[in-house]
Amino acid sequence: MDEATMFSVVDGKEITAEMVQKLIEWERQKSKRKPKNPFHSLTKQLRQPEVFLLIVWWLALLVLVVWVSGLSHVLWRSWRPLAFLSVIPLFFLGLVAFIAS
């Protein structure tokens, strides 16, 4: 290889002008890519097994606290308003997941 096409030697490997040009083109394409949707990244994180395990863990703790504290009769009397209030954020979470997919 002649001196005109060789830029430098890194770890015993020659870097050619062609390699530099490919790197520049790749950087340009990378900058032109669409930025990721924040909802897409959120739903991707929610689908991880660790998140599912944490949700199950906290639900189990909630059930145990309600059972030990004796609040089950209060929850049994007011389950309809509580169910309605809990459905509202679940509805919007599902809506965001649908829009992101």
Side-chain angles (χ1 to χ4, degrees):
M1 186 170 292
D2 60 345
E3 300 256 342
T5 59
M6 186 175 72
F7 284 99
S8 65
V9 176
V10 178
D11 295 330
K13 297 179 183 176
E14 297 174 345
I15 299 175
T16 61
E18 189 178 312
M19 295 168 78
V20 172
Q21 190 63 31
K22 285 183 181 179
L23 180 65
I24 291 171
E25 288 176 18
W26 182 75
E27 286 291 331
R28 284 184 189 154
Q29 287 176 356
K30 192 168 83 168
S31 64
K32 288 181 183 179
R33 290 181 195 156
K34 263 176 87 173
K36 285 190 176 181
N37 189 352
F39 298 123
H40 175 71
S41 60
L42 174 70
T43 54
K44 187 176 180 180
Q45 288 178 350
L46 287 176
R47 284 180 264 157
Q48 293 179 352
E50 296 88 6
V51 175
F52 179 73
L53 288 173
L54 276 173
I55 290 171
V56 170
W57 170 258
W58 283 109
L59 284 176
L61 282 179
L62 177 67
V63 168
L64 285 173
V65 166
V66 166
W67 182 50
V68 168
S69 65
L71 290 175
S72 57
H73 67 282
V74 174
L75 292 177
W76 184 254
R77 291 182 188 158
S78 60
W79 70 271
R80 286 187 181 139
L82 289 174
F84 177 71
L85 289 174
S86 64
V87 165
I88 293 171
L90 291 176
F91 170 74
F92 284 106
L93 182 64
L95 183 66
V96 165
F98 177 73
I99 291 171
S101 64

### Query
Taking ILVMFWY side chains as joined if any heavy atoms are under 4.5 angstrom apart, and letting links pass through other members, which residues group with Trp57?
Leu54, Trp58, Leu61
Show every donor-acceptor pair shorter than 3.5 Å between a side-chain atom in residues 76-93 and any protein atom, with sequence neighbours excluded, or say none if there are none.
unit_1, atom_1, unit_2, atom_2, d
Ser78, OG, Val74, O, 3.0
Ser86, OG, Leu82, O, 3.2
Ser86, OG, Ala83, O, 2.9

### Query
To which residues is Phe52 joined in a hydrophobic cluster, defined by side-chain heavy-atom contacts under 4.5 Å among Ile, Leu, Val, Met, Phe, Trp and Tyr, whether direct or through other members?
Val56
### Message
Restricting to side-chain contact (heavy atoms from CB on, under 4.5 Å), what partner residues turn up for Leu23, sequence neighbours left out?
### Response
Trp26
### Task
Tell me who clusters with Trp67, hydrophobic residues only, linked when side chains sit under 4.5 Å apart either directly or through other members.
Leu64, Val68
### Task
Tell me, please, which residues at least two apart from Lys22 pass salt bridge (charged side-chain N to carboxylate O under 4.0 Å, His left out).
Glu18
### Query
Are Val20 and Ile24 close enough that some pair of their side-chain heavy atoms sits under 4.5 Å apart?
yes
### Task
May I have the step-by-step check of side-chain contact (heavy atoms from CB on, under 4.5 Å) for Val51 and Ile55, ending in yes or no?
CA-CA 6 Å; Val51 175; Ile55 290 171; 4.0 Å; yes
